[in-house]
Amino acid sequence: MSWRDQALKNFGVWLAVYPAVLVSSYLFSWLAPGVPLWLEILISTAFTVPLISYVAVPLVEKRLAHAKGETPAEMKREEAEQAEGGTRG
């Protein structure tokens, strides 16, 4: 995966994470204003990590692969070959 593709992937994931963290922060300040910061962070990360893993990353990878004219599997295969020192570029 090129540097540009990796940057686009990271930006796409960030676009999903930022609103999730923002909404959870507002919900905590509105629904439970006295919650300690450590507990707020614990609960919000318990929500955002699965969001990133199961929703944001697959969606971003699918869109990025489509933009490159590949399937997500082809893009993953290319990433794996590059990680193993393959010749595809």
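- Looking at heavy atoms from C-beta onward, K62 lies out of side-chain contact with T71 at the 4.5 angstrom threshold.
- Tracing side-chain contacts under 4.5 Å through hydrophobic residues (I, L, V, M, F, W, Y), one reaches F11 starting from L22; they form part of the same cluster.
- Atom CD of residue E81 and atom CD of residue E84 lie 7.5 Å apart, to the nearest 0.5 angstrom.
- Residues F28 and L39 have side chains not in contact (no heavy-atom distance under 4.5 Å, counting atoms from C-beta outward).
- Heavy-atom minimum distance, V35 versus E40: CG1-N, 3.8 Å.
- Annotation: the span from L51 atom CG to S24 atom OG amounts to 10.5 Å, rounded to 0.5 Å.
- Residue P58 comes nearest to S53 through the heavy atom pair CD-O, 3.5 Å, listed as atom of the first residue, atom of the second, then distance.
- Every residue meeting the salt bridge (Lys or Arg N to Asp or Glu O under 4.0 Å) condition with K68, not counting sequence neighbours, appears here in chain and number order: D5, E70, E78.
- In the hydrophobic clustering of this structure, L15 groups with Y18; members are Ile, Leu, Val, Met, Phe, Trp, Tyr whose side-chain heavy atoms approach within less than 4.5 Å, directly or through other members.
- The two atoms that bring S29 and P33 nearest to each other are O-CB, 3.7 Å, heavy atoms only.
- Other residues sharing the hydrophobic cluster of I41, ordered by chain and number and joined by side-chain separations under 4.5 Å: L37.
- No continuous path of hydrophobic side-chain contacts links I43 to V17 [ILVMFWY only; heavy atoms under 4.5 Å].
- Taking the six-membered ring for Trp and the full ring otherwise, W30 and Y26 have centroids separated by 6.0 Å or more.
- One hydrophobic cluster, built from ILVMFWY side chains closer than 4.5 Å, cannot hold both V13 and L8; they sit in different ones.
- To the nearest 0.5 angstrom, L27 atom CG is 9.0 Å from F47 atom CZ.
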